[in-house]
Asker: 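One structure is given below, represented as structure tokens, and several questions about it will come after.
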Amino acid sequence: MSRNQDLAGLFNRAADVMALLEENSFRVLGTRKVARIIEDLPEDVKLLDAQGRLEHISGIGKSTVEKIHEFLRTGHISEFEELTGRVPAGVLEMLAISTVGVKTAHQLWKEAGITTVADLKKHLVEGTMPKMKGFGEKKQLKIRQNMEFMEEAGKRIGIGWALPLAESYCGTLAKVTGVSQVQYCGSLRRGKESVGDIDILVCAESSTAPAITQAVLAHEQTQQTLGAGDTKISIRTKAGLQIDFRIVAQQHWGAALQYFTGSKEHNVRLRELAVKRGLKLNEWGLFKGEESVAGENEQGIYAALELAWLPPEMREDRGEIELAQLMYKRSRGEHIEVKDQRLEYLGQKIPAVWPVLEIADIRGDMHSHTTASDGHCSIDDMIAEAKRRGYEYFAITDHSKSQVQANGLRVDRLVEHCKAIRAAAAKVKGMTVLAGSEVDILADGSLDYPDEVLQKLDWVVASPHAALSQESDAATARLVRAAANPLVDVIGHPTGRLVGGRRGLEPDMKAVVMAAARSGVALEINSHDLRLDLRDIHARLAVEMGVPLCINTDAHQREDMDKIIYGILTARRAWATAENVINTWSWEKIRQRRESRRNGSFEG
Ligand code: DGT
Ligand code: CA
Ligand code: CA
Ligand code: ZN
């Protein structure tokens, strides 16, 4: 929800300003924490406020509520503006350069008198930087390189780019003699929709470093080395992405894996748990004094902290630590009581081992296109591909008539198309082929085909494509209305957002999820790496409220079906297990639910 993001941005920015002004560090931390809480809210702050629920959110105190009120009234927070006025705008801009943290910016400002990014660049290029402690040639070069990179690339890289690239480097390194394991970490391993850089861990003795360096440099995507030592190699790829490789010995592998996977917030919590037990946790291991307690594998570290191991996608400090504590207890046969509100919905279902959702759990793709609308492959080709993947069912859902630019089908063409799909289906053994539609949800929430037409289809995905910048209230009403139609099986890419591109609809997602819960419609996680819609926090809301998800690829050609992995990663970030995803069920189970919704006997 972008209003929440804008508000969180103000708190984050204020925390930066406070740090630059050397305010009390508790105040800085507290402000950052509030920013994170707001960022993670699955509902619009305006709505929460209107319903008087703002003050009940843990971590949001009275003074924060007052600030939020001011923001909702005026769009700004005067206390923060007053603070920001005390720092030159250019100094704040510098913080966007990676490797320029608050400390460095403060130093540049106070010691060198540099107050603009342009001025900073000039000093770096001309070598006129005043001498300062901890500000040697190396650091200067790094800042300069990062500035140049920012000018080139500007923003974060989508997971659809980063994951194949990381896998390619990992594949290359796995073949190097002396390398026993390779794993990408960081935000990529956590399955985030976009990443700042790629972090790769290589398990080997440091004597292998030269061979590893050689292999990295020989990779066809490597453009430039930023640094190469015995334990760390940094490069820039041709696409402008930075990759950091770290070489780690076997006995530190698990600790390094855990540390570099993050998130930083998750790690901070783990370190606190370690400290409480008189232990020290870092990227080398978990230590009691000098003695190593754990470090060779991740499980050992979690277990020593009395936590169950959790999938990387859940490590965002969004309640997973509390869950891991309960899972650990349960695995040891202890009675558990759930007090944490966020965990309540899991209730007595808290497992001893988290049942990680896998690609193999997916039994069918329920949203795809053919040349009948804007796809690139025939009905037969798409069916063959689904069959090749071992799917038990497969839905062909071309666009409806309003999608003129996508060659959407008028009713007469839809009838013909369904005939063709069913004829093709009759030739397929062992896979149920569904003749469906991706029907447009029009701006007012009505559908692009009348009910009589939808009634005849085997599968109905309803998605918004146009009017994606409408007001939030209108977007809510639109999606709620579409969700209420029992002829709709799935709401496809519910917001229409594009990662790093279009904001899409910004409905009151809780209202949409509640409408889905009432009607029994599933909500899609569209797996296309540029969509990932529902996004993680919204899908989490669906899971918490018992609304099933449907993970589809929206394939427009055979190879698009590979993109299912991105949907799976997003679903894991939403704490979904196979149970929460309808297309891990048998077709018979889906069909029965569909029947009951269509004949009015469905009961939540
Ligand atoms: P990104 O690259 O912006 O998408 O996000 P990450 O999470 O990959 O962050 P990155 O690349 O800066 O660092 C990789 C991991 O290293 C991060 O997930 C956790 C760990 N890490 C980095 N900085 C810190 C820190 O200051 N404290 C702790 N505890 N861990 C850190
Ligand atoms: Ca990273
Ligand atoms: Ca990194
Ligand atoms: Zn669509």
Side-chain angles (χ1 to χ4, degrees), residues 29 32 96 98-99 101-103 146 153 155-159 161-163 165-166 183-201 232 234 241-246 248 255-275 280-284 301 312-313 315-317 366-369 373-375 395 397-400 402-403 405-408 436-441 448 460-466 468 490-500 504-505 524 526-528 530-531 533 552-556 560 573:
L29 280 176
R32 277 209 208 287
S98 54
T99 64
V102 169
K103 223 176 109 193
N146 279 318
K155 49 181 180 229
R156 295 170 68 82
I157 308 285
I159 189 172
W161 257 97
L163 188 60
L165 190 64
Q183 173 66 55
Y184 54 81
C185 299
S187 48
L188 187 58
R189 185 167 178 236
R190 300 199 310 281
K192 276 190 78 167
E193 63 192 37
S194 69
V195 305
D197 67 356
I198 297 178
D199 307 279
I200 294 180
L201 285 189
K232 190 176 167 191
S234 290
L241 189 62
Q242 178 165 337
I243 309 186
D244 297 330
F245 299 88
R246 290 183 182 80
V248 180
L257 206 54
Q258 197 290 314
Y259 180 89
F260 289 109
T261 296
S263 66
K264 196 169 154 186
E265 291 78 7
H266 176 91
N267 288 356
V268 167
R269 293 287 312 278
L270 250 52
R271 221 160 16 188
E272 285 168 8
L273 289 178
V275 169
K280 202 177 100 192
L281 177 64
N282 56 32
E283 64 263 55
W284 304 101
I301 290 172
E313 295 85 355
R315 302 181 195 169
E316 297 287 352
D317 191 21
M366 311 296 262
H367 179 173
S368 72
H369 298 268
S373 62
D374 60 349
T397 55
D398 277 297
H399 288 288
S400 61
S402 288
Q403 284 301 298
Q405 74 292 350
N407 193 21
S437 168
E438 181 185 18
V439 61
D440 246 55
I441 303 176
D448 200 19
V460 177
V461 178
S463 321
H465 289 106
L468 293 178
V490 184
I491 302 288
H493 49 74
T495 73
R497 68 98 175 224
L498 295 178
V499 176
L505 298 176
E524 181 177 78
N526 189 295
S527 302
H528 195 291
L530 295 180
R531 287 199 182 270
D533 179 16
N552 297 321
T553 64
D554 196 354
H556 281 66
D560 287 350
R573 291 179 61 78

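Counting convention: from 1, in listed order, for ligands and their atoms alike.
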Asker: What angle, in degrees and rounded to 10°, do you get at the Ca ion (ligand 2) when you join it to OD1 of D197 and to OD2 of D199?
Answerer: 90°
Asker: Heavy atoms only, cut-off 4.0 Å: how does D199 contact ligand 1, side chain, backbone, both, or neither?
Answerer: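 Side chain only; the backbone of D199 stays clear of ligand 1.
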Asker: Looking at R497 and E193, is there a salt bridge between them, counting it only when a charged N and a carboxylate O are closer than 4.0 Å?
Answerer: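 Yes.
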Asker: Using distance alone, with no hydrogens and no angle criterion, decide if T495 and D533 have a side-chain donor and acceptor under 3.5 Å apart.
Answerer: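 Result is yes, a qualifying pair exists.
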Asker: Does one side chain, of D440 or S402, offer a donor that lies under 3.5 Å from an acceptor on the other?
Answerer: no
Asker: Does H399 put an N, O or S atom under 2.8 Å from the Zn ion (ligand 4)?
Answerer: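 Here the distance criterion (N, O or S atom, under 2.8 Å) is not met by H399, so no.
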Asker: On a heavy-atom basis, I'd like to know which of R246, K264, R190, Q242 is closest to atom 26 (O) of ligand 1.
Answerer: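 Heavy atom nearest to atom 26 (O) of ligand 1 belongs to K264.
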Asker: In terms of side-chain heavy atoms, does D374 have a donor or acceptor partner in Q405 at a distance below 3.5 Å?
Answerer: no
Asker: Check each heavy atom of D244 against ligand 1 and say whether those closer than 4.0 Å belong to the side chain, the backbone, both or neither.
Answerer: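 Looking at D244 and ligand 1, no heavy atom falls under 4.0 Å.
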Asker: Could you tell me whether H493 and H528 have their ring centroids closer than 6.0 angstrom?
Answerer: no
Asker: Quick one: does N267's side chain have a donor or acceptor within less than 3.5 Å of a partner on Y259's backbone?
Answerer: yes
Asker: What part of K192, side chain from CB on, backbone N/CA/C/O, both or neither, has a heavy atom under 4.0 Å from ligand 1?
Answerer: neither
Asker: Quick check: of its N, O or S atoms, which one does E438 have closest to the Zn ion (ligand 4)?
Answerer: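 In E438, the N, O or S atom with the shortest distance to the Zn ion (ligand 4) is OE2.
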Asker: Suppose we only count N/O/S atoms under 2.8 Å; would D554 qualify as near the Zn ion (ligand 4)?
Answerer: no
Asker: Regarding H465, does it place an N, O or S atom less than 2.8 Å from the Zn ion (ligand 4)?
Answerer: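 A backbone or side-chain N, O or S atom of H465 is under 2.8 Å from the Zn ion (ligand 4).
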